[in-house]
There are 2 protein chains.
Amino acid sequence: MKKITIGEAARQSGVKVPTIRYYEGIGLLRTPGRSEGNQRAYEQSDLDRLTFIRHARELGFEIEAIRTLLSLQDNPLQPCASADAIAKARLVEVKQRIRSLTALKAELEMMVEDCGHGRVDQCRVIEVLADHGQCTHHGH
Amino acid sequence: MKKITIGEAARQSGVKVPTIRYYEGIGLLRTPGRSEGNQRAYEQSDLDRLTFIRHARELGFEIEAIRTLLSLQDNPLQPCASADAIAKARLVEVKQRIRSLTALKAELEMMVEDCGHGRVDQCRVIEVLADHGQCTHHGH
DNA sequence: TCTTGCACCTCTAGTCGCTAGAGGATGTAG
DNA sequence: CTACATCCTCTAGCGACTAGAGGTGCAAGA
């Protein structure tokens, strides 16, 4: 009932095979046991860990942050202030990124709307890029 | 009145010195003339180009897209449909990225708000990461 | 004139988080 | 037994820079 191959682990966790090997290489995932024929043999706990990692990556956490989060998960009696701090920092990043992207969106929309689809020398897209002074949003 | 050094170009364009040399290396910027002592000597047109590039990079355009936009700028009599298409594609990307980040933001906020700042084994942050089923947003 | 110290030069290697490919071994179904 | 998928290791590549080593040029003060 054990003996999960790397391919099966990939399917169940949603993490690609080479990425699993990569995570092992950087020490994010333990070195699994091997079968007779030298193939990696995973257990359920490895799948859980992989799912944790994948989810954290989807939320944009960096590998080093995930390393910390995983070590916290391994020590459940510790205070969770670190986990909280990491998540909060990520939230700040995300909020900032949304703000900045929203400004870019406005600027791009202007560029695209004003483009009369004529020749390049009347093109609003090129013109705005060439002259930053025309931007409405100067935050970037 | 010419003879702009690379440092001065960096100051005026907002592009860092090594980045300017990098742009030259990948052919985004022309090879500038050299002074007696083999130092790069830029002209105003190079500064304009650098500013164009910096602005486009700030808007998130990839180097290859910028290469195309620059070549369009160099041929002002061509139709501007390509420039328009590049900007539109970027706009779609940005909109999608905002959507996805907004979902992440909601999820992170939940995690952070629900964290009672107790021990890791009651920590909502770790818990949600470990169990994707608890997410409200399943788009990611 | 000398020297200090910054700015410039080239070149290579590192960053992050994978991804692709070569070249070979193993496992499974028909 | 023979395909064929899957596994193995290893190296190199991606984008867009950034850092560092080791050396040259240049302007200004003592």
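Chain naming here is simple, since letters A, B, ... match the order of the sequence lines and numbering starts at 1 in each. Heavy atoms only: backbone and side chains are in, while hydrogens, waters and symmetry mates are out.
Note on Glu113(A) versus Arg124(A): no salt bridge recorded, every NZ/NE/NH1/NH2 to OD/OE distance being 4.0 Å or above. In summary, Arg49(B) and Asp74(B) engage in a salt bridge, as defined by a charged side-chain N under 4.0 Å from a carboxylate O.
Counting heavy-atom neighbours within 6.0 Å of Glu109(B) CD, excluding the residue itself, gives a total above 12. Heavy-atom neighbours of Glu36(A) CD from other residues, nucleotides or ligands within 6.0 Å: at or below the threshold of 12.
If you measure from atom CD of Glu24(B) to atom P of dC8(C), you get 14 Å, rounded to the nearest angstrom. In this structure, the CD1 atom of Ile66(A) is 13 Å from the P atom of dC16(C), given to the nearest Å.
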### Query
In B/S/- notation, 5' to 3', how is nucleotides 3-14 of chain D contacted by protein heavy atoms closer than 4.0 Å?
----SSB-----
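Between the axis at the start and the axis at the end of the helix from dT1(C)-dA30(D) to dG30(C)-dC1(D) there is an angle of 10°, using five pairs per end and rounding to 10 degrees.
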Filtered N/O pairs between nucleotides 16-20 of chain D and protein, under 3.5 Å:
| residue | atom | partner | partner atom | Å |
| --- | --- | --- | --- | --- |
| dA16(D) | OP2 | Ile63(B) | N | 3.4 |
| dC17(D) | OP2 | Tyr23(B) | OH | 2.8 |
| dC17(D) | OP2 | Arg57(B) | NE | 2.9 |
| dT18(D) | OP2 | Thr19(B) | OG1 | 3.2 |

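To the nearest 0.5 Å, the span separating OH on Tyr23(A) from CG on Leu28(A) amounts to 7.0 Å. Taking CD of Glu127(A) as the start and CG of Asp121(A) as the end, the distance is 10.0 Å to the nearest 0.5 Å.
Between Leu108(A) and Val125(A), every side-chain heavy-atom pair lies at or beyond the 4.5 Å cut-off.
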With a 3.5 Å cut-off and sequence neighbours excluded, list the donor-acceptor pairs that the side chains of residues 63-73 of chain B form with protein atoms.
| residue | atom | partner | partner atom | Å |
| --- | --- | --- | --- | --- |
| Glu64(B) | OE1 | Arg67(B) | NE | 3.1 |
| Glu64(B) | OE2 | Arg67(B) | NE | 3.2 |
| Glu64(B) | OE2 | Arg67(B) | NH2 | 3.2 |
| Arg67(B) | NH1 | Ile26(B) | O | 3.0 |
| Arg67(B) | NH2 | Ile26(B) | O | 3.1 |
| Thr68(B) | OG1 | Glu64(B) | O | 3.2 |
| Ser71(B) | OG | Thr68(B) | O | 2.9 |

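Within the structure, side chain to side chain donor-acceptor pair (under 3.5 Å) pairs that include any residue of residues 76-90 of chain B comprise His117(A)-Asp84(B), Asp84(B)-Lys88(B), Arg90(B)-Glu93(B) (at least two apart or interchain).
Arg21(A) is linked by a salt bridge (Lys or Arg N to Asp or Glu O under 4.0 Å) to nothing, counting only residues two or more places apart in sequence or in another chain.
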